[in-house]
Amino acid sequence: MTIREAADALRARRVSAVELAAAASARIGRLNSTLNAFITVTAEQAVEEARQADAELAAGRDRGPLHGIPVAVKDLFLTRGVRTTNGSKVYEDYIPALDAAVVDRLRAAGAVMLGKLNMHEMAYGITSANPHFGPVRNPWNLEHSPGGSSGGSGAAVAAQLVYAAMGSDTGGSIRIPAAFCGVVGLKPTYGRVSRYGALPLAYSLDHMGPLARSVRDAALVLNAIAGYDRRDPTSSRHPVVDFVPDEGCSVRGLRIGFPENFYFERLDAGVEQSVRGALARAQSLGALVKPVRVPDIAALNTVGRVIQLAEASAVAEPHLEHREKFGPDVLALFDQGRLLPATDYINAQRLRRKLCREFDQVWSEVDCLIAPTTPNTAPRVGEKTLRLGGRDEDVRLATTRLVRGINVLGLPALSMPCGLGASGLPIGIQIIGPAWEEALILRLGAALEDGGVGIPPCPAS
Amino acid sequence: MKDWKAMAKASGIEIDSVEPLEVLEAAFHPLVKDLAPGVEPATGWRLEEDGE
């Protein structure tokens, strides 16, 4: 059931918010011991919130489509009175006195909070093999990683523990778990969704966004969380529109760019086949698919890594004297970042401006781009290298190769499932748009979904 | 190429491997070489406006 279907059922009194919350709690109770998607479950609080949601609906106070819908948030969003660990030993006893902006807005929209989701330690990695709270498992195959860093969010949505979850994306951390877990993940434009009250990894690259069961569900969540917030100095006053695509929305005449360079290099064969299949479907729906050369994405990735290393180490600096509190992979990255000279960081930010201008030219030729989200399906838990295009590649670098650069540009990008690989694991397609064009990429995503691009529900039970 | 090991030692940082930094530097420095002086950093600081 999608958010929209649940919302209809609530209003038709076929189900109550308390029943939805109880069903979610029961499913979490049954599956979380194997998936390890949640660090903290707030079942009792959820029932209270659901009771209030039911009372409000009965009294004619309807907060909109998320009213009474069970959701959860990555454990880096501050939640008043509920422990917020950032997936880290540093924050293991941290109980915030306030809610993050996103949590505030979800509550204002009537969503019912089921708890805090497991993640890669401090959001600094793509496996969600958390050394302190245990590894998150992929609901499609427990031997495989759910991706990360929002791995608990991807697993919880795929296993239908909640209807939607919030994640954060600094170098692909919403889109990667969305692709590996077979759900929809949206990284909005930088500045579209407030970062206030989300523990930072890298200030200028962090984006907050939803993971959901369908494109329209992701759009419903974006409707609730988007908009200016004076408490986030990078929050934008750009006008917020209704992001939810119409039923039967058309993509006729939409110019979709098919990158001739970079994005289709060194892919798993199944990934390439599925993404090309989705492109063909877009064409059959009336879109104009045209080849386009994109600027140097490898350079963007390099720039993104320099910025991330420096900013993340700056954030973590006060905690780094307690080295025993960090997992080895995260500690190694923090140490690398502390060694980078300030000149490298400044030059990376200068290159960022230059590359942003170059990338802007793409939008004079096409309205959006379609590419794979990742070159591979979910690796096995603990796998360190992948063989792609006849070359062994580090899992982290391979998995972030097609997503990281878009964080440097701050552009909106949607990952949605487009097929299953030979191993039966999901494959994700990425739709990238110009700044502030979330509505456009969501419309294309919804049209593809309506046109049959997708996968069967996750078999987790 | 920077001597990352010496830099780590001088900074009192215990680092297992400097290879990732060497690889990153090899990719990054050629990009910087041709940057014109007029290209300013994309950092976003500005004075806060009244009413924000």
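Heavy-atom basis, side chains included; hydrogens, waters and symmetry copies ignored. Note on naming: letters A, B, ... go to the chains in the order of the sequence lines (proteins, then strands), and numbering restarts at 1 for each one. Please read these numbers as outputs of a predicted model, since none were measured by experiment.
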Query - residues 17-27 of chain B: residues contacting chain A (heavy atom under 4.5 Å, by number) - result: B:Pro20, B:Leu21, B:Leu24, B:Ala27

Query raised in the report: What residues of residues 394-409 of chain A sit under 4.5 Å from chain B when you count only heavy atoms?
Result: none

Query raised in the report: What parts of residues 304-317 of chain A touch chain B if we use heavy atoms and a cut-off under 4.5 Å?
Result: A:Arg305, A:Val306, A:Leu309

Please classify the contact between [X] and chain B as side chain, backbone, both or neither, with a heavy-atom cut-off of under 4.5 Å.
{"X": "A:Pro328", "value": "neither"}
{"X": "A:Ala299", "value": "both"}
{"X": "A:Ala348", "value": "both"}
{"X": "A:Ser204", "value": "neither"}
{"X": "A:Arg323", "value": "side chain"}
{"X": "A:Asp344", "value": "both"}

Report summary line: For A:Tyr124 and A:Val330 the tightest heavy-atom approach is O-CG2, 3.7 Å

Query raised in the report: Among all residues two or more places apart in sequence or in another chain, which pass the side chain to side chain donor-acceptor pair (under 3.5 Å) test with A:Tyr203?
Result: none

Spacing of [atom1] belonging to [X] relative to [atom2] belonging to [Y], to within rounding of 0.5 Å:
{"X": "A:Phe334", "Y": "A:Arg338", "atom1": "CZ", "atom2": "CZ", "value": "10.0 Å"}
{"X": "A:Leu411", "Y": "A:Cys356", "atom1": "CG", "atom2": "SG", "value": "7.0 Å"}
{"X": "A:Asp335", "Y": "B:Trp4", "atom1": "CG", "atom2": "CH2", "value": "12.5 Å"}
{"X": "A:Phe262", "Y": "A:Asp296", "atom1": "CZ", "atom2": "CG", "value": "8.0 Å"}
{"X": "A:Ser149", "Y": "A:Met122", "atom1": "OG", "atom2": "CE", "value": "12.0 Å"}
{"X": "A:Asp104", "Y": "A:Ser194", "atom1": "CG", "atom2": "OG", "value": "9.0 Å"}

Report task. Check whether B:Ala36 gets within reach of chain A through its side chain, its backbone, both or neither, counting any heavy atom under 4.5 Å. Result -> backbone

Query raised in the report: Going by heavy atoms in the side chains, are A:Glu321 and A:His319 under 4.5 Å from each other?
Result: no

Report task. From the options A:Ser168, A:Pro200, A:Ser88, select the one residue that forms a side chain to side chain contact (heavy atoms under 4.5 Å, CB included) with A:Leu76. Result -> A:Ser168

Would you say the side-chain atoms of [X] and [Y] include a donor-acceptor pair closer than 3.5 Å?
{"X": "A:Ser235", "Y": "A:Arg230", "result": "no"}
{"X": "A:Thr170", "Y": "A:Asp206", "result": "yes"}
{"X": "A:Thr127", "Y": "A:His120", "result": "yes"}
{"X": "A:Lys187", "Y": "A:His207", "result": "yes"}
{"X": "B:His29", "Y": "B:Lys2", "result": "yes"}

Report summary line: Answer key: most heavy-atom pairs under 4.5 Å with chain A among B:Ile15, B:Leu35, B:Val32 is B:Leu35

Requested in this report: Given side-chain hydrogen bond (donor to acceptor under 3.5 Å, both in side chains), test A:Thr385 with A:Glu393 step by step and report yes or no.
Outcome: CA-CA 5 Å; A:Thr385 57; A:Glu393 203 171 344; over 6 Å; no

Query raised in the report: Please walk me through it: do A:Ser236 and A:Trp436 pass side chain to side chain contact (heavy atoms under 4.5 Å, CB included)?
Result: CA-CA 10 Å; A:Ser236 170; A:Trp436 315 113; 3.3 Å; yes

